[in-house]
Enquirer: 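Let me begin by handing over the structure; questions about it come next.
Since this is a predicted model, take the numbers as computed values, not measurements.
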Amino acid sequence: MHRYIIQRLIAAIPVLFIVALVIFALLRIAPGDPAALFAGNDATPERIEALREGLGLNRSLPVQLGMWFRDILKGDLGTSLTSHHKVTDLIWSRVVPTLSLTVLTELFTVGIGVPLGVLAAWKANTWIDRGVMLFASLGFSVPVFFLGFMMIWLFALQLGIFPPAGYVEPTENLWRYFHRLIMPSIATSTILIAYITRMTRASLLEVLREDYIRTARSKGLTETVILVRHALKNSALPVITVIGLGFAALLSGLVVTEQVFAIPGVGRLVIDAIVRRDYPVI
């Protein structure tokens, strides 16, 4: 197992190198000059050129890339061009909101998606099964930003149950911290719930067709015992795999949710950096 993990980590190095190379190239190809943006509209050409030299942007692209990789190997992600803070400090300051939203979203996903999938498989080819699958299809179809705005309009503006947007640190007020994360977590988890529901149903139906399930029924075991003790346990591996992949995807894919609900996470940090052409942060 340890050897397999080491091999996978080594195999990831060239992939990360290629991804970094592509992102570096795309940023340089994109229109706009970070030095001009940073200097302001009234800056003179001399001022802009001085900033370009100070930021190292007047050097050739291979030299800039080599300097960046050299700093990365030393554990230095650079300094933000706009805020002048260390990039590592900026990332750590945004990790808690993103991680909190990710964990709560996964709790909603597992707590709702798995029971729905089990129910659909247990009542296969009935109106319950069709209803659950209809819900799953809708979950796949509705974009997160649209659902988020609809939830804000209904639950915040019309009913006043939740605040429309914003974030509160857990150290400041624990109840308000959870209260403000519920809506964005539900909006984000909808598509994952649909996916987990379908995966759980398909995996469980496959197990329920096995010979040992028929043997258990012939021995007089109840459907509940068969479902919980035998079928669900043996169908859990693909579901757990999808849950793990979903968690990893959420950590890097909450940009839309954080924008809609004004959560100061890593996603908003990336968007702000792209708008300002803040190369080190991106």
Enquirer: CG/Leu147 to OG1/Thr190 distance, rounded to the nearest 0.5 angstrom?
Expert: 4.5 Å

Enquirer: Distance alone, cut at 3.5 Å: any donor-acceptor contact between the side chains of Thr105 and Thr188?
Expert: no

Enquirer: Not counting sequence neighbours, list each pair that qualifies as a side chain to side chain donor-acceptor pair (under 3.5 Å) and has a residue in residues 133-156.
Expert: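 For residues 133-156: none.
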
Enquirer: What pairs with Ala121 under side chain to side chain contact (heavy atoms under 4.5 Å, CB included), at least two apart in sequence or on another chain?
Expert: Arg201, Leu204, Leu205

Enquirer: Which donor-acceptor pairs under 3.5 Å do side chains of residues 158-175 form with protein atoms, sequence neighbours excluded?
Expert:
residue: Asn173; atom: OD1; partner: Trp175; partner atom: N; Å: 3.2
residue: Asn173; atom: OD1; partner: Arg176; partner atom: N; Å: 3.0

Enquirer: To the nearest 0.5 angstrom, please state how far the CE atom of Met183 sits from the CE atom of Met151.
Expert: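 The CE atom of Met151 is 6.0 Å from CE of Met183, to the nearest 0.5 Å.
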
Enquirer: To the nearest 0.5 Å, tell me how far Leu16 CG sits from Leu9 CG.
Expert: 10.0 Å

Enquirer: Nearest 0.5 Å, please: how far is CH2 in Trp68 from CG in Asp76?
Expert: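 So the CG of Asp76 and the CH2 of Trp68 are separated by 11.5 Å.
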
Enquirer: Decide side chain to side chain contact (heavy atoms under 4.5 Å, CB included) for Val260 and Ile152; before the verdict, give the C-alpha distance in whole Å, the side-chain angles of both, and the deciding distance to 0.1 Å.
Expert: CA-CA 9 Å; Val260 171; Ile152 290 173; 4.0 Å; yes

Enquirer: Report yes or no: does Arg94 contribute a side-chain atom to a donor-acceptor pair with the main-chain N or O of Val266 at less than 3.5 Å?
Expert: no

Enquirer: Would you compute the distance between atom CG of Leu181 and atom OG of Ser100 and round it to the nearest 0.5 angstrom?
Expert: 6.0 Å

Enquirer: Please name all residues satisfying side chain to side chain contact (heavy atoms under 4.5 Å, CB included) with Ile240, sequence neighbours left out, ordered by chain then number.
Expert: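 In terms of side chain to side chain contact (heavy atoms under 4.5 Å, CB included), with neighbours along the sequence ignored, Ile240 is linked to Ala236.
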
Enquirer: Taking only residues two or more places apart in sequence or in another chain, which ones pass ring pair (Phe, Tyr, Trp, His ring centres under 6.0 Å) with Phe17?
Expert: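 Phe17: ring pair (Phe, Tyr, Trp, His ring centres under 6.0 Å) contacts with Phe69.
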
Enquirer: Going by side-chain heavy atoms closer than 4.5 Å, which hydrophobic residues are tied to Val63, directly or by a chain of links?
Expert: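 Met67, all in the cluster of Val63.
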
